[in-house]
Asks: 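Questions regarding the structure given below will be posed in turn.
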Protein chains: 2
Amino acid sequence: MPAERPENWKRNLAKETKNTLRDSVYSALKAMIVTGQIPPGSRVTENDIAAKLTVSRTPVREAFNRLERDGLVTGRPRQGYVVTEFDINMFREAFEIRELLDGHATALAAAAATEQDKARLRAMLAECERLAAIPERTTREKFQELEVGIDLHRVIAEISGNAMLHGMLCGILDKCQHYVWTELLWLDEWKIARDEHAEIVEAICAGDAARAGTLARAHVRGSRDNVLRLLQAKSDYQSFLAKAS
Amino acid sequence: MPAERPENWKRNLAKETKNTLRDSVYSALKAMIVTGQIPPGSRVTENDIAAKLTVSRTPVREAFNRLERDGLVTGRPRQGYVVTEFDINMFREAFEIRELLDGHATALAAAAATEQDKARLRAMLAECERLAAIPERTTREKFQELEVGIDLHRVIAEISGNAMLHGMLCGILDKCQHYVWTELLWLDEWKIARDEHAEIVEAICAGDAARAGTLARAHVRGSRDNVLRLLQAKSDYQSFLAKAS
DNA sequence: ACACTCAAAATTGTATACAAAATAGCATGC
DNA sequence: GCATGCTATTTTGTATACAATTTTGAGTGT
(Lines give C-alpha, C1' and ligand atoms only; values in the text may rest on other atoms or scores of the structure.)
Protein backbone atom coordinates (compact mmCIF):
# COMPACT_ATOMS: atom_id res chain seq x y z
CA MET A 1 0.00 0.00 0.00
CA PRO A 2 2.79 2.49 0.67
CA ALA A 3 3.81 1.90 -2.94
CA GLU A 4 1.19 4.09 -4.63
CA ARG A 5 0.90 6.85 -2.11
CA PRO A 6 -0.74 10.18 -2.92
CA GLU A 7 1.35 13.31 -3.24
CA ASN A 8 0.53 14.80 0.15
CA TRP A 9 0.37 11.55 2.11
CA LYS A 10 2.19 13.16 5.00
CA ARG A 11 -1.07 14.58 6.28
CA ASN A 12 -1.80 11.21 7.82
CA LEU A 13 1.06 11.77 10.24
CA ALA A 14 1.86 14.32 12.91
CA LYS A 15 1.15 17.97 12.22
CA GLU A 16 4.73 19.09 12.13
CA THR A 17 6.33 16.38 10.07
CA LYS A 18 10.02 15.79 10.58
CA ASN A 19 12.15 14.92 7.63
CA THR A 20 12.09 11.19 8.25
CA LEU A 21 9.13 8.87 8.45
CA ARG A 22 10.56 7.31 11.57
CA ASP A 23 10.38 10.61 13.41
CA SER A 24 6.90 11.28 12.12
CA VAL A 25 5.64 7.90 13.25
CA TYR A 26 7.32 8.40 16.59
CA SER A 27 5.70 11.79 17.10
CA ALA A 28 2.31 10.56 15.97
CA LEU A 29 2.35 7.50 18.22
CA LYS A 30 3.71 9.45 21.17
CA ALA A 31 0.98 12.03 20.84
CA MET A 32 -1.68 9.35 20.63
CA ILE A 33 -0.35 7.62 23.72
CA VAL A 34 0.25 10.70 25.82
CA THR A 35 -3.21 12.04 25.11
CA GLY A 36 -4.78 8.66 25.79
CA GLN A 37 -6.16 8.13 22.28
CA ILE A 38 -4.44 4.78 22.57
CA PRO A 39 -5.23 3.86 26.17
CA PRO A 40 -2.75 2.14 28.50
CA GLY A 41 -2.83 -1.62 28.19
CA SER A 42 -3.70 -1.52 24.50
CA ARG A 43 -1.90 -3.95 22.30
CA VAL A 44 -0.27 -2.19 19.36
CA THR A 45 0.86 -4.23 16.38
CA GLU A 46 3.30 -3.12 13.75
CA ASN A 47 0.98 -3.97 10.90
CA ASP A 48 -1.93 -1.99 12.28
CA ILE A 49 0.11 1.13 12.84
CA ALA A 50 1.90 0.76 9.52
CA ALA A 51 -1.40 0.39 7.70
CA LYS A 52 -2.98 3.25 9.60
CA LEU A 53 -0.14 5.64 8.84
CA THR A 54 0.43 4.30 5.31
CA VAL A 55 4.06 3.42 5.79
CA SER A 56 6.01 0.21 5.87
CA ARG A 57 6.80 -1.67 9.05
CA THR A 58 10.39 -0.49 9.17
CA PRO A 59 9.86 3.07 10.43
CA VAL A 60 7.15 1.78 12.76
CA ARG A 61 9.55 -0.68 14.35
CA GLU A 62 12.14 2.03 14.86
CA ALA A 63 9.56 4.28 16.45
CA PHE A 64 8.56 1.43 18.76
CA ASN A 65 12.16 1.02 19.82
CA ARG A 66 12.32 4.65 20.85
CA LEU A 67 8.97 4.58 22.58
CA GLU A 68 10.03 1.53 24.52
CA ARG A 69 13.14 3.37 25.62
CA ASP A 70 10.91 6.24 26.73
CA GLY A 71 8.89 3.79 28.77
CA LEU A 72 5.70 4.63 26.90
CA VAL A 73 5.30 1.13 25.49
CA THR A 74 6.46 -2.19 26.87
CA GLY A 75 7.52 -4.98 24.58
CA ARG A 76 8.68 -8.53 24.93
CA PRO A 77 10.50 -10.30 22.08
CA ARG A 78 8.11 -11.83 19.60
CA GLN A 79 5.10 -10.83 21.61
CA GLY A 80 4.59 -7.33 20.39
CA TYR A 81 4.16 -4.09 22.23
CA VAL A 82 1.64 -2.87 24.76
CA VAL A 83 1.07 0.72 25.87
CA THR A 84 2.63 0.85 29.32
CA GLU A 85 0.22 0.59 32.19
CA PHE A 86 1.17 2.40 35.36
CA ASP A 87 0.28 0.73 38.58
CA ILE A 88 0.14 2.64 41.84
CA ASN A 89 3.67 1.71 42.71
CA MET A 90 5.18 2.99 39.47
CA PHE A 91 3.32 6.20 40.05
CA ARG A 92 4.75 6.59 43.48
CA GLU A 93 8.22 5.98 42.08
CA ALA A 94 7.79 8.47 39.29
CA PHE A 95 6.51 11.22 41.51
CA GLU A 96 9.18 10.60 44.09
CA ILE A 97 11.78 11.32 41.42
CA ARG A 98 9.80 14.17 40.01
CA GLU A 99 9.72 15.81 43.39
CA LEU A 100 13.51 15.85 43.44
CA LEU A 101 14.02 16.94 39.86
CA ASP A 102 11.20 19.44 39.63
CA GLY A 103 12.18 21.00 42.93
CA HIS A 104 15.75 21.41 41.78
CA ALA A 105 14.79 22.66 38.33
CA THR A 106 12.44 25.23 39.77
CA ALA A 107 15.08 26.51 42.14
CA LEU A 108 17.55 26.77 39.28
CA ALA A 109 14.97 28.54 37.16
CA ALA A 110 14.42 31.13 39.88
CA ALA A 111 18.11 31.93 39.74
CA ALA A 112 18.43 31.88 35.97
CA ALA A 113 15.19 33.33 34.60
CA THR A 114 15.53 36.33 32.32
CA GLU A 115 12.81 38.93 31.97
CA GLN A 116 11.73 37.19 28.80
CA ASP A 117 11.41 33.90 30.64
CA LYS A 118 9.37 35.51 33.37
CA ALA A 119 7.02 37.03 30.84
CA ARG A 120 6.60 33.64 29.23
CA LEU A 121 5.66 32.02 32.52
CA ARG A 122 3.23 34.79 33.37
CA ALA A 123 1.62 34.41 29.98
CA MET A 124 1.09 30.70 30.53
CA LEU A 125 -0.42 31.43 33.91
CA ALA A 126 -2.73 33.97 32.36
CA GLU A 127 -3.77 31.44 29.75
CA CYS A 128 -4.66 29.01 32.54
CA GLU A 129 -6.72 31.67 34.25
CA ARG A 130 -8.47 32.54 31.04
CA LEU A 131 -9.37 28.91 30.34
CA ALA A 132 -10.50 28.42 33.92
CA ALA A 133 -12.70 31.50 33.87
CA ILE A 134 -14.75 30.44 30.88
CA PRO A 135 -18.32 30.09 32.19
CA GLU A 136 -19.60 26.82 30.78
CA ARG A 137 -16.46 25.33 29.41
CA THR A 138 -16.29 22.09 27.51
CA THR A 139 -14.09 19.10 28.24
CA ARG A 140 -11.79 20.29 25.53
CA GLU A 141 -11.15 23.50 27.40
CA LYS A 142 -10.51 21.63 30.62
CA PHE A 143 -7.97 19.52 28.78
CA GLN A 144 -6.32 22.62 27.41
CA GLU A 145 -5.99 24.08 30.86
CA LEU A 146 -4.42 20.90 32.19
CA GLU A 147 -2.05 20.80 29.25
CA VAL A 148 -0.85 24.35 29.81
CA GLY A 149 -0.49 23.56 33.51
CA ILE A 150 1.77 20.62 32.76
CA ASP A 151 3.65 22.51 30.08
CA LEU A 152 4.43 25.12 32.68
CA HIS A 153 6.65 22.61 34.42
CA ARG A 154 8.33 21.72 31.15
CA VAL A 155 9.10 25.36 30.49
CA ILE A 156 10.41 25.88 34.01
CA ALA A 157 12.73 22.92 33.51
CA GLU A 158 13.88 24.46 30.25
CA ILE A 159 14.58 27.77 31.93
CA SER A 160 16.66 25.99 34.55
CA GLY A 161 19.38 25.84 31.93
CA ASN A 162 20.18 22.18 32.59
CA ALA A 163 19.25 20.49 29.33
CA MET A 164 19.60 16.99 30.71
CA LEU A 165 17.36 17.82 33.63
CA HIS A 166 14.85 19.26 31.19
CA GLY A 167 14.92 16.13 29.09
CA MET A 168 14.48 13.79 32.03
CA LEU A 169 11.60 15.77 33.47
CA CYS A 170 9.86 15.84 30.11
CA GLY A 171 10.24 12.08 29.93
CA ILE A 172 8.59 11.62 33.30
CA LEU A 173 5.83 14.07 32.51
CA ASP A 174 5.12 12.34 29.21
CA LYS A 175 4.74 9.04 30.97
CA CYS A 176 2.39 10.45 33.59
CA GLN A 177 0.49 12.98 31.52
CA HIS A 178 -2.26 10.64 30.42
CA TYR A 179 -2.97 9.62 33.98
CA VAL A 180 -2.88 13.13 35.27
CA TRP A 181 -5.35 14.01 32.58
CA THR A 182 -7.82 11.25 33.00
CA GLU A 183 -7.70 11.18 36.78
CA LEU A 184 -7.22 14.80 37.69
CA LEU A 185 -9.61 16.17 35.13
CA TRP A 186 -12.64 15.48 37.27
CA LEU A 187 -11.10 16.64 40.47
CA ASP A 188 -11.94 19.96 42.03
CA GLU A 189 -8.53 19.93 43.61
CA TRP A 190 -7.11 20.99 40.29
CA LYS A 191 -7.79 24.59 41.14
CA ILE A 192 -5.39 24.17 44.04
CA ALA A 193 -2.72 23.36 41.49
CA ARG A 194 -3.60 26.59 39.73
CA ASP A 195 -2.93 28.56 42.88
CA GLU A 196 0.26 26.67 43.53
CA HIS A 197 1.45 27.32 40.01
CA ALA A 198 0.87 30.99 40.56
CA GLU A 199 2.90 30.94 43.75
CA ILE A 200 5.73 29.09 42.06
CA VAL A 201 5.88 31.53 39.17
CA GLU A 202 5.79 34.37 41.66
CA ALA A 203 8.77 32.96 43.54
CA ILE A 204 10.67 32.46 40.28
CA CYS A 205 9.98 36.02 39.19
CA ALA A 206 11.16 37.25 42.58
CA GLY A 207 14.35 35.26 42.13
CA ASP A 208 13.73 33.41 45.37
CA ALA A 209 15.32 30.06 44.56
CA ALA A 210 14.84 28.44 47.96
CA ARG A 211 11.18 29.30 48.12
CA ALA A 212 10.56 28.28 44.53
CA GLY A 213 12.15 24.90 45.16
CA THR A 214 10.18 24.31 48.32
CA LEU A 215 6.93 25.27 46.66
CA ALA A 216 7.61 23.04 43.69
CA ARG A 217 8.33 20.04 45.86
CA ALA A 218 5.18 20.60 47.89
CA HIS A 219 3.21 21.00 44.67
CA VAL A 220 4.46 17.70 43.30
CA ARG A 221 3.63 15.96 46.55
CA GLY A 222 0.14 17.43 46.41
CA SER A 223 -0.45 16.29 42.84
CA ARG A 224 0.87 12.87 43.72
CA ASP A 225 -1.50 12.55 46.65
CA ASN A 226 -4.47 13.54 44.55
CA VAL A 227 -3.73 11.05 41.82
CA LEU A 228 -2.81 8.30 44.25
CA ARG A 229 -6.00 8.78 46.19
CA LEU A 230 -8.05 8.27 43.07
CA LEU A 231 -6.00 5.33 41.88
CA GLN A 232 -6.28 3.76 45.30
CA ALA A 233 -10.03 4.22 45.31
CA LYS A 234 -10.22 2.63 41.88
CA SER A 235 -8.08 -0.26 43.02
CA ASP A 236 -10.18 -0.75 46.14
CA TYR A 237 -13.31 -0.74 44.03
CA GLN A 238 -11.83 -3.38 41.75
CA SER A 239 -10.99 -5.70 44.62
CA PHE A 240 -14.43 -5.04 46.14
CA LEU A 241 -16.00 -6.16 42.90
CA ALA A 242 -13.77 -9.21 42.79
CA LYS A 243 -14.74 -10.29 46.28
CA ALA A 244 -18.43 -9.65 45.70
CA SER A 245 -18.61 -11.95 42.71
CA MET B 1 27.59 -12.46 4.41
CA PRO B 2 25.10 -13.17 7.15
CA ALA B 3 23.67 -15.78 4.82
CA GLU B 4 26.29 -18.50 5.32
CA ARG B 5 27.07 -18.05 8.95
CA PRO B 6 28.88 -20.68 11.03
CA GLU B 7 27.03 -22.65 13.64
CA ASN B 8 28.32 -20.75 16.68
CA TRP B 9 28.40 -17.30 15.15
CA LYS B 10 27.01 -15.83 18.33
CA ARG B 11 30.45 -15.73 19.82
CA ASN B 12 31.10 -12.59 17.86
CA LEU B 13 28.53 -10.79 19.99
CA ALA B 14 28.23 -10.07 23.67
CA LYS B 15 29.04 -12.82 26.11
CA GLU B 16 25.54 -13.29 27.37
CA THR B 17 23.54 -13.30 24.18
CA LYS B 18 19.91 -12.30 24.48
CA ASN B 19 17.39 -14.08 22.36
CA THR B 20 17.27 -11.45 19.66
CA LEU B 21 20.08 -10.13 17.54
CA ARG B 22 18.94 -6.60 18.20
CA ASP B 23 19.55 -7.01 21.91
CA SER B 24 22.88 -8.66 21.32
CA VAL B 25 24.06 -5.88 19.05
CA TYR B 26 22.81 -3.33 21.56
CA SER B 27 24.68 -4.97 24.41
CA ALA B 28 27.82 -5.37 22.38
CA LEU B 29 27.85 -1.77 21.16
CA LYS B 30 26.97 -0.41 24.57
CA ALA B 31 29.80 -2.32 26.18
CA MET B 32 32.25 -1.10 23.55
CA ILE B 33 31.16 2.49 24.05
CA VAL B 34 31.01 2.46 27.84
CA THR B 35 34.44 0.91 28.11
CA GLY B 36 35.86 3.31 25.59
CA GLN B 37 36.80 0.69 22.99
CA ILE B 38 34.90 2.95 20.63
CA PRO B 39 36.05 6.37 21.84
CA PRO B 40 33.76 9.40 22.03
CA GLY B 41 33.58 11.32 18.80
CA SER B 42 34.02 8.20 16.67
CA ARG B 43 31.84 7.91 13.65
CA VAL B 44 29.98 4.60 13.59
CA THR B 45 28.41 3.42 10.36
CA GLU B 46 25.77 0.77 10.07
CA ASN B 47 27.69 -1.22 7.50
CA ASP B 48 30.84 -1.42 9.58
CA ILE B 49 29.06 -2.64 12.68
CA ALA B 50 26.89 -5.03 10.70
CA ALA B 51 29.94 -6.50 9.00
CA LYS B 52 31.91 -6.67 12.23
CA LEU B 53 29.14 -8.53 14.05
CA THR B 54 28.10 -10.60 11.01
CA VAL B 55 24.50 -9.44 11.00
CA SER B 56 22.37 -7.40 8.64
CA ARG B 57 21.84 -3.69 9.01
CA THR B 58 18.35 -4.07 10.46
CA PRO B 59 19.24 -5.12 14.01
CA VAL B 60 22.11 -2.64 13.97
CA ARG B 61 19.77 0.20 13.14
CA GLU B 62 17.42 -0.78 15.94
CA ALA B 63 20.31 -0.94 18.38
CA PHE B 64 21.37 2.53 17.23
CA ASN B 65 17.91 3.84 17.94
CA ARG B 66 18.07 2.60 21.50
CA LEU B 67 21.60 3.86 22.03
CA GLU B 68 20.60 7.26 20.75
CA ARG B 69 17.73 7.28 23.26
CA ASP B 70 20.25 6.40 25.96
CA GLY B 71 22.35 9.36 24.90
CA LEU B 72 25.35 7.17 24.12
CA VAL B 73 25.37 8.02 20.43
CA THR B 74 24.15 11.11 18.64
CA GLY B 75 22.68 10.89 15.20
CA ARG B 76 21.38 13.28 12.59
CA PRO B 77 19.16 12.07 9.76
CA ARG B 78 21.14 10.77 6.81
CA GLN B 79 24.41 11.67 8.43
CA GLY B 80 24.97 8.65 10.57
CA TYR B 81 25.81 8.27 14.20
CA VAL B 82 28.66 9.51 16.36
CA VAL B 83 29.57 8.31 19.83
CA THR B 84 28.42 11.15 22.06
CA GLU B 85 31.13 13.51 23.23
CA PHE B 86 30.65 15.07 26.60
CA ASP B 87 31.83 18.60 27.01
CA ILE B 88 32.47 20.11 30.40
CA ASN B 89 29.02 21.58 30.56
CA MET B 90 27.22 18.32 29.92
CA PHE B 91 29.31 16.80 32.63
CA ARG B 92 28.35 19.43 35.07
CA GLU B 93 24.70 18.89 34.20
CA ALA B 94 24.93 15.14 34.57
CA PHE B 95 26.63 15.27 37.94
CA GLU B 96 24.25 17.88 39.22
CA ILE B 97 21.40 15.46 38.57
CA ARG B 98 23.38 12.53 39.84
CA GLU B 99 23.95 14.32 43.11
CA LEU B 100 20.21 14.55 43.62
CA LEU B 101 19.33 11.05 42.49
CA ASP B 102 22.26 9.26 44.07
CA GLY B 103 21.76 11.07 47.33
CA HIS B 104 18.12 10.12 47.43
CA ALA B 105 18.74 6.53 46.35
CA THR B 106 21.39 6.07 48.99
CA ALA B 107 19.13 7.40 51.71
CA LEU B 108 16.36 5.08 50.56
CA ALA B 109 18.78 2.17 50.48
CA ALA B 110 19.80 2.84 54.06
CA ALA B 111 16.17 2.49 55.07
CA ALA B 112 15.42 -0.53 52.91
CA ALA B 113 18.56 -2.67 52.91
CA THR B 114 18.13 -6.25 54.08
CA GLU B 115 20.95 -8.22 55.68
CA GLN B 116 21.53 -9.85 52.31
CA ASP B 117 21.87 -6.45 50.66
CA LYS B 118 24.31 -5.28 53.29
CA ALA B 119 26.42 -8.39 52.81
CA ARG B 120 26.45 -7.73 49.08
CA LEU B 121 27.67 -4.18 49.57
CA ARG B 122 30.34 -5.26 52.01
CA ALA B 123 31.52 -7.88 49.56
CA MET B 124 31.89 -5.29 46.81
CA LEU B 125 33.83 -3.08 49.16
CA ALA B 126 36.09 -5.96 50.08
CA GLU B 127 36.65 -6.66 46.39
CA CYS B 128 37.71 -3.04 45.92
CA GLU B 129 40.12 -3.31 48.81
CA ARG B 130 41.54 -6.53 47.47
CA LEU B 131 42.13 -5.05 44.04
CA ALA B 132 43.64 -1.93 45.56
CA ALA B 133 45.99 -3.89 47.77
CA ILE B 134 47.62 -5.81 44.93
CA PRO B 135 51.30 -4.80 45.00
CA GLU B 136 52.22 -4.12 41.38
CA ARG B 137 48.86 -4.17 39.76
CA THR B 138 48.26 -3.80 36.07
CA THR B 139 46.01 -1.34 34.31
CA ARG B 140 43.47 -4.11 33.99
CA GLU B 141 43.23 -4.42 37.74
CA LYS B 142 42.87 -0.68 38.15
CA PHE B 143 40.01 -0.77 35.68
CA GLN B 144 38.40 -3.57 37.59
CA GLU B 145 38.56 -1.61 40.80
CA LEU B 146 36.97 1.41 39.15
CA GLU B 147 34.27 -0.76 37.67
CA VAL B 148 33.36 -2.30 41.00
CA GLY B 149 33.39 1.17 42.54
CA ILE B 150 30.89 2.43 39.98
CA ASP B 151 28.81 -0.74 40.20
CA LEU B 152 28.50 -0.10 43.91
CA HIS B 153 26.36 2.91 43.12
CA ARG B 154 24.24 0.86 40.72
CA VAL B 155 23.63 -1.74 43.38
CA ILE B 156 22.77 0.89 45.98
CA ALA B 157 20.23 2.34 43.57
CA GLU B 158 18.80 -1.13 43.08
CA ILE B 159 18.51 -1.65 46.81
CA SER B 160 16.64 1.64 47.11
CA GLY B 161 13.63 -0.24 45.79
CA ASN B 162 12.70 2.49 43.32
CA ALA B 163 13.14 0.78 39.96
CA MET B 164 12.73 3.96 37.96
CA LEU B 165 15.36 5.70 40.04
CA HIS B 166 17.65 2.73 39.52
CA GLY B 167 17.14 2.87 35.77
CA MET B 168 17.79 6.59 35.52
CA LEU B 169 20.93 6.43 37.62
CA CYS B 170 22.26 3.55 35.54
CA GLY B 171 21.64 5.61 32.43
CA ILE B 172 23.64 8.51 33.79
CA LEU B 173 26.44 6.28 35.02
CA ASP B 174 26.64 4.57 31.64
CA LYS B 175 27.02 7.88 29.92
CA CYS B 176 29.75 9.05 32.27
CA GLN B 177 31.54 5.80 32.93
CA HIS B 178 33.99 6.08 30.09
CA TYR B 179 35.07 9.52 31.20
CA VAL B 180 35.33 8.54 34.82
CA TRP B 181 37.52 5.69 33.73
CA THR B 182 39.87 7.48 31.44
CA GLU B 183 40.17 10.58 33.55
CA LEU B 184 40.04 9.26 37.08
CA LEU B 185 42.19 6.24 36.40
CA TRP B 186 45.40 8.18 36.72
CA LEU B 187 44.30 10.21 39.67
CA ASP B 188 45.50 9.50 43.16
CA GLU B 189 42.30 11.00 44.46
CA TRP B 190 40.60 7.79 43.55
CA LYS B 191 41.60 6.34 46.89
CA ILE B 192 39.52 9.08 48.50
CA ALA B 193 36.53 7.64 46.69
CA ARG B 194 37.38 4.27 48.20
CA ASP B 195 37.22 5.72 51.68
CA GLU B 196 33.99 7.54 50.90
CA HIS B 197 32.44 4.38 49.52
CA ALA B 198 33.30 2.64 52.79
CA GLU B 199 31.66 5.39 54.79
CA ILE B 200 28.54 5.27 52.65
CA VAL B 201 28.19 1.52 52.99
CA GLU B 202 28.74 1.87 56.70
CA ALA B 203 25.93 4.40 56.99
CA ILE B 204 23.63 2.16 54.95
CA CYS B 205 24.41 -0.84 57.12
CA ALA B 206 23.71 1.26 60.19
CA GLY B 207 20.38 2.25 58.69
CA ASP B 208 21.26 5.93 58.97
CA ALA B 209 19.39 7.32 55.97
CA ALA B 210 20.15 10.97 56.57
CA ARG B 211 23.88 10.40 56.94
CA ALA B 212 24.00 8.04 53.97
CA GLY B 213 22.29 10.61 51.77
CA THR B 214 24.57 13.41 52.88
CA LEU B 215 27.67 11.31 52.33
CA ALA B 216 26.50 10.23 48.89
CA ARG B 217 25.86 13.79 47.81
CA ALA B 218 29.26 14.92 49.05
CA HIS B 219 30.85 11.97 47.28
CA VAL B 220 29.26 12.83 43.96
CA ARG B 221 30.36 16.44 44.33
CA GLY B 222 33.90 15.27 45.03
CA SER B 223 33.98 13.00 41.99
CA ARG B 224 32.59 15.75 39.87
CA ASP B 225 35.25 18.20 41.01
CA ASN B 226 38.02 15.73 40.28
CA VAL B 227 36.81 15.00 36.77
CA LEU B 228 36.02 18.62 36.05
CA ARG B 229 39.45 19.75 37.18
CA LEU B 230 41.08 17.37 34.75
CA LEU B 231 38.73 18.22 31.90
CA GLN B 232 39.33 21.92 32.51
CA ALA B 233 43.09 21.41 32.49
CA LYS B 234 42.77 19.51 29.22
CA SER B 235 40.63 22.25 27.75
CA ASP B 236 43.05 24.95 28.88
CA TYR B 237 45.91 23.03 27.33
CA GLN B 238 44.04 22.81 24.06
CA SER B 239 43.41 26.52 23.90
CA PHE B 240 47.02 27.17 24.90
CA LEU B 241 48.17 25.10 21.97
CA ALA B 242 45.75 26.89 19.68
CA LYS B 243 47.08 30.30 20.66
CA ALA B 244 50.70 29.21 20.45
CA SER B 245 50.42 28.08 16.83
C1' DA C 1 46.10 28.32 -7.67
C1' DC C 2 41.29 28.63 -6.61
C1' DA C 3 36.43 28.10 -7.07
C1' DC C 4 32.72 25.89 -9.10
C1' DT C 5 29.96 22.15 -11.24
C1' DC C 6 28.66 17.82 -11.85
C1' DA C 7 28.99 13.03 -11.40
C1' DA C 8 30.14 8.96 -8.81
C1' DA C 9 30.45 6.70 -4.43
C1' DA C 10 29.09 5.93 0.06
C1' DT C 11 25.54 5.99 3.50
C1' DT C 12 21.24 6.29 5.38
C1' DG C 13 15.96 5.79 4.84
C1' DT C 14 12.20 2.86 3.35
C1' DA C 15 9.93 -1.12 1.50
C1' DT C 16 9.42 -5.86 1.02
C1' DA C 17 10.51 -10.78 1.15
C1' DC C 18 11.36 -14.53 3.95
C1' DA C 19 12.17 -17.08 8.46
C1' DA C 20 11.03 -18.16 13.11
C1' DA C 21 8.27 -17.99 16.88
C1' DA C 22 3.96 -17.53 19.38
C1' DT C 23 -0.96 -17.73 19.53
C1' DA C 24 -5.39 -19.60 18.45
C1' DG C 25 -8.40 -22.85 16.91
C1' DC C 26 -9.65 -27.33 15.71
C1' DA C 27 -9.55 -32.10 15.92
C1' DT C 28 -8.71 -36.17 18.38
C1' DG C 29 -8.52 -39.12 22.33
C1' DC C 30 -9.86 -40.09 26.97
C1' DG D 1 -17.29 -32.66 28.41
C1' DC D 2 -12.54 -31.73 28.98
C1' DA D 3 -7.75 -31.97 28.22
C1' DT D 4 -4.09 -32.57 24.98
C1' DG D 5 -1.63 -32.18 20.84
C1' DC D 6 -1.27 -30.63 16.27
C1' DT D 7 -1.82 -27.43 12.50
C1' DA D 8 -2.89 -22.95 10.64
C1' DT D 9 -2.70 -18.15 11.25
C1' DT D 10 -0.81 -14.19 12.94
C1' DT D 11 3.02 -11.44 14.33
C1' DT D 12 7.51 -10.39 15.09
C1' DG D 13 12.68 -10.83 13.74
C1' DT D 14 16.08 -10.62 10.09
C1' DA D 15 17.87 -10.00 5.54
C1' DT D 16 18.02 -7.71 1.36
C1' DA D 17 16.64 -4.78 -2.45
C1' DC D 18 15.82 -0.23 -3.78
C1' DA D 19 15.39 4.96 -3.30
C1' DA D 20 16.98 9.30 -1.77
C1' DT D 21 20.36 12.21 0.09
C1' DT D 22 24.76 13.59 1.37
C1' DT D 23 29.56 13.65 0.61
C1' DT D 24 33.61 13.31 -2.07
C1' DG D 25 36.51 14.12 -5.65
C1' DA D 26 37.79 14.85 -10.22
C1' DG D 27 37.66 17.87 -13.83
C1' DT D 28 36.94 22.30 -15.96
C1' DG D 29 37.04 27.10 -16.35
C1' DT D 30 38.71 31.52 -14.76
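Side chains are part of it too, since the values below use all heavy atoms of this structure and drop only hydrogens, waters and symmetry mates. Lettering follows sequence order; numbering is per chain, from 1.
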Asks: Please tell me whether A:N65 and A:Y26 have a donor and an acceptor in their side chains that are separated by less than 3.5 angstrom.
Replies: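 No, because no side-chain N or O of A:N65 sits under 3.5 Å from a partner of the opposite role on A:Y26.
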
Asks: If you measure from the Lys or Arg side-chain nitrogens to the Asp or Glu carboxylate oxygens, is any gap between A:R57 and A:D48 under 4.0 Å?
Replies: no

Asks: Nearest whole Å is fine: how far is D:dG13 P from A:E46 CD?
Replies: 6 Å

Asks: Select one nucleotide: of D:dT12, D:dT16, C:dG13, the one nearest the side-chain heavy atoms of A:T45.
Replies: D:dT12

Asks: From the list D:dT14, C:dT14, C:dA15, which nucleotide is the closest neighbour of the side chain of B:L21?
Replies: D:dT14

Asks: Would you kindly give the CD1-to-P distance between A:I49 and D:dT12, to the nearest whole Å?
Replies: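 About 10 Å, once rounded to whole Å.
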
Asks: Salt bridge (Lys or Arg N to Asp or Glu O under 4.0 Å) with A:R224: which residues, sequence neighbours excluded?
Replies: none

Asks: Choose from D:dT14, C:dT14, D:dG13 the nucleotide whose nearest atom is closest to any side-chain atom of A:S56.
Replies: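 Between D:dT14, C:dT14, D:dG13, the one nearest the side chain of A:S56 would be C:dT14.
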
Asks: Counting only side-chain heavy atoms from C-beta out, which of D:dA15, D:dT14, C:dT14 sits nearest to A:R22?
Replies: C:dT14

Asks: Of the residues in residues 69-81 of chain A, which ones touch DNA chain C at a heavy-atom distance under 4.0 Å?
Replies: A:R78, A:Q79

Asks: Taking any heavy-atom pair under 4.0 Å as a contact, classify A:R57: base, sugar-phosphate, or nothing.
Replies: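 It contacts base atoms.
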
Asks: Which residues pass the salt bridge (Lys or Arg N to Asp or Glu O under 4.0 Å) test with A:E99, sequence neighbours left out?
Replies: A:R221

